Colleague: 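Below is a structure I'd like to ask you about.
What's counted below: heavy atoms across the whole structure, side chains too, no hydrogens, waters or symmetry copies. Residues take their numbers from the sequence shown, with the count starting at 1. Not measured: the values here are computed from a predicted model.
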Amino acid sequence: MTSGGLSYDGCNFFRQRLVLSTLSGKHVRIKNIRSKDDDPGLRDFEASFIRLLDKVTNGSRIEINQTGTVLFYQPGLLYGGPVEHDCNPQRSVGYYLEALLMLAPFMKMSLKATLRGVTNDPSDPTVDLLKSTALPLMKKFGIDGEGFDLKVVKRGMAPGGGGEVVFTCPVRRTIKPVQLTDPGKIKRIRGVAYSVRVSPQMGNRIVESTRSVLNQFLPDIYIYTDHMKGLNSGKSPGFGLTLVAETLNGCFLSAEMSSTPQGQGDPVLPEDLGRNCAKLLLEEVYRGGCVDSSNQSLAVLLMTLGQQDVSKVLLGPLSPYTIEFLRHIRDFFQVMFKLEVQKPSEDERKGGDKVLLTCVGVGYSNINKTVK
């Protein structure tokens, strides 16, 4: 290991390493990227991600060897401002947006990113999901204000893409510590059933089958149907559903499903999709906690970067991605979390085992926002 820098092996957790490297200012070397593969080296979507990082920073140095199996990244300063990027259609815009959400508050100029590509696909968090769960989570950490918004201008389903989203975020000097230890009961469920380049009736069919499952639990369910047509509907047909359950204390748990991309396997019926998505939401509610499984790593990062004070967050079972993220945070910021398992008793009906994460923030402050 070189002084101040870190070195890793393999292509897993690629975004985590580059994002944390950018925030901590430590350079990172990743070797053996798919070196045993028939088609070795970085994939196109990863190269596209590196280009996006290069656009939002100033003075980053990126070196990749000829086969693309070794990457050296020396982070520059986060600059921000207006950024336009065409995301690779192999992954959805959510793949790129998740990283931007982590970096946006620490820019020099407030970020206005226009990302084009696939907005909804089965493998990555969709734009709707990030809008309804990640943004409210960031507001809890004091990242809020005029122009904190994520707009879906055009939808683009996999594999063709053709969607467009605009993400704007104000800059913050510091992140405030939080105490999210009691999510409370679920009070309402909201959702969006979207369809493009298929019959508008699809949306209604999804809503009906979803309600058939969820109405057994609570009456306050409202699912919007969003049918985009013409130029706003992207290049491929498809439909899907994003559901968000809001708790009494303002925590958001979410689940989502998208139809199988055109020409990639068995087509899925809107009725089945609605029912399965409702069951996924119930599973997420059972896991519980104040942050759902798709946003755990964002919460963990914001806790780490908070002022030098104690933050506590109650989570459901940690996803493997989050566990690896905690290890990376130890590498880059030398922050260790205290984990306590809480087992709810049978009578409480509070779902599965929970984990209470506690840490002291590193007092990270935005170096561009110096006190005048």
Colleague: I want to check something: taking the side chain as every heavy atom from C-beta on, are V244 and L253 in contact at a cut-off of under 4.5 Å?
Modeller: no
Colleague: Output the distance between atom CG (L356) and atom NZ (K354), rounded to the nearest 0.5 Å.
Modeller: 12.0 Å
Colleague: Would a distance-only check, ignoring hydrogens and angles, find a side-chain to backbone donor-acceptor pair under 3.5 Å from Q179 to V310?
Modeller: yes
Colleague: What I want to check is whether the side chains of D54 and S60 have a donor and an acceptor closer together than 3.5 Å.
Modeller: no
Colleague: I need the C11 SG to I33 CD1 distance, nearest 0.5 Å.
Modeller: 7.5 Å
Colleague: Is any side-chain heavy atom of N88 less than 4.5 Å from a side-chain heavy atom of Y96?
Modeller: yes
Colleague: Please determine whether the number of non-hydrogen atoms from other residues, nucleotides or ligands lying under 6.0 Å from atom CD of E63 exceeds 12.
Modeller: yes
Colleague: Would you check if the distance from the ring center of Y364 to the ring center of F106 is below 6.0 Å?
Modeller: yes
Colleague: Do S293 and E284 pair up side chain to side chain, a donor and an acceptor below 3.5 Å, judged on atom types alone?
Modeller: yes
Colleague: Is it the case that more than 12 heavy atoms not belonging to Q264 sit under 6.0 Å from its CD atom?
Modeller: yes
Colleague: Would N120 and Y194 count as having a side-chain donor-acceptor pair, cut-off 3.5 Å?
Modeller: yes
Colleague: Regarding R190 and D220, does a basic nitrogen lie under 4.0 Å from an acidic carboxylate oxygen?
Modeller: yes
Colleague: Mind checking whether V291 and V300 have side chains closer than 4.5 Å, heavy atoms only?
Modeller: no
Colleague: Can you confirm whether L53 sits close enough to T22 that some side-chain heavy atom of one is under 4.5 Å from a side-chain heavy atom of the other?
Modeller: yes
Colleague: Main chain of V70, side chain of R29: is a donor-acceptor contact present, judged purely on distance under 3.5 Å?
Modeller: no
Colleague: Kindly indicate whether the side chain of P183, heavy atoms from C-beta on, has any atom under 4.5 Å from the side chain of N249.
Modeller: no
Colleague: Is it true that, when you exclude K31 itself, more than 12 heavy atoms of the residues, nucleotides or ligands shown sit nearer than 6.0 Å to its NZ?
Modeller: yes
Colleague: Contact between I223 and I206 at the side-chain level, heavy atoms closer than 4.5 Å - yes or no?
Modeller: no
Colleague: Which heavy atom in S259 sits nearest to a heavy atom in M157, and how many Å separate them?
Modeller: OG-CE, 4.1 Å
Colleague: For a quick check under 3.5 Å, do R17 and H328 share a side-chain donor-acceptor pair by atom type?
Modeller: yes
Colleague: Give a yes or no on this: more than 12 heavy atoms of other residues, nucleotides or ligands lie within 6.0 Å of atom CD of E208.
Modeller: no
Colleague: So how far is it from E98 CD to F49 CZ, rounded to the nearest 0.5 Å?
Modeller: 9.5 Å
Colleague: May I ask you to check whether H85 and S48 show a side-chain donor-acceptor distance below 3.5 Å?
Modeller: yes
Colleague: Heavy-atom count check: over 12 atoms from other residues, nucleotides or ligands less than 6.0 Å from K312 NZ?
Modeller: no
Colleague: CD1/I30 to CG/L42 distance, rounded to the nearest 0.5 angstrom?
Modeller: 8.0 Å
Colleague: Heavy atoms, side chains only, cut-off 4.5 Å: are M138 and L298 in contact?
Modeller: yes
Colleague: How far apart are the closest heavy atoms of L129 and S294, and which atoms are they?
Modeller: CD2-OG, 3.6 Å
Colleague: Counting only heavy atoms not in Y286, do more than 12 sit closer than 6.0 Å to its OH atom?
Modeller: no
Colleague: Report, as yes or no, whether the 6.0 Å neighbourhood of atom NZ on K338 holds more than 12 heavy atoms from other residues, nucleotides or ligands.
Modeller: no
Colleague: Output all residues satisfying side chain to side chain donor-acceptor pair (under 3.5 Å) with D353, sequence neighbours left out; order by chain, then residue number.
Modeller: K343
Colleague: Could you pull out the closest heavy-atom pair between A134 and L101, with the gap in Å?
Modeller: CB-CD1, 3.7 Å
Colleague: Determine yes or no for a side-chain-to-main-chain donor-acceptor pair under 3.5 angstrom, with R173 supplying the side chain and S365 the backbone.
Modeller: no
Colleague: How close do S195 and P200 get, heavy atom to heavy atom, and via which atoms?
Modeller: OG-CA, 4.5 Å
Colleague: Under 4.0 Å between a side-chain nitrogen and a carboxylate oxygen: does that hold for K131 and D128?
Modeller: no
Colleague: Distance only, no hydrogens: is a donor on one side chain within 3.5 Å (strictly under) of an acceptor on the other, for E84 and T114?
Modeller: no
Colleague: Ignoring hydrogens and angles, tell me if any N or O in the side chain of K26 forms a donor-acceptor pair with the backbone of F332 under 3.5 Å.
Modeller: yes
Colleague: Do any N or O atoms from the side chain of T57 and from the backbone of L78 form a donor-acceptor pair under 3.5 angstrom?
Modeller: no
Colleague: CZ of R172 to CG of L302: how many Å apart, nearest 0.5 Å?
Modeller: 12.5 Å
Colleague: So, K140 and D144, do they make that salt bridge, N to O below 4.0 Å?
Modeller: no
Colleague: Would you check if there is a donor-acceptor pair between the side chains of D121 and S123 at a distance under 3.5 Å?
Modeller: yes
Colleague: Would you say the side-chain atoms of T322 and S319 include a donor-acceptor pair closer than 3.5 Å?
Modeller: yes
Colleague: State, without any angle test, whether Y8 and D331 hold a side-chain donor-acceptor pair at a distance under 3.5 Å.
Modeller: yes
Colleague: For K187 and L248, which heavy atoms make the closest approach, and how far apart are they?
Modeller: CB-CD2, 3.9 Å
Colleague: Within this structure, what is the CD1-CG distance for the pair I143 and L135, rounded to the nearest 0.5 Å?
Modeller: 10.0 Å
Colleague: Looking only at non-hydrogen atoms, find the nearest pair between G352 and P344 and report the distance.
Modeller: O-CG, 3.3 Å
Colleague: Using a 6.0 Å cut-off, check whether atom CZ of F148 has over 12 heavy atoms from anything other than its own residue.
Modeller: yes
Colleague: Could you check whether R43 pairs with D37 (Lys NZ or Arg NE/NH1/NH2 to Asp/Glu carboxylate O, under 4.0 Å)?
Modeller: yes
Colleague: Does a donor on one side chain and an acceptor on the other come within less than 3.5 Å for T119 and R155?
Modeller: no
Colleague: Counting C-beta onward and ignoring hydrogens, is there a side-chain heavy-atom pair between Q307 and I175 closer than 4.5 Å?
Modeller: no
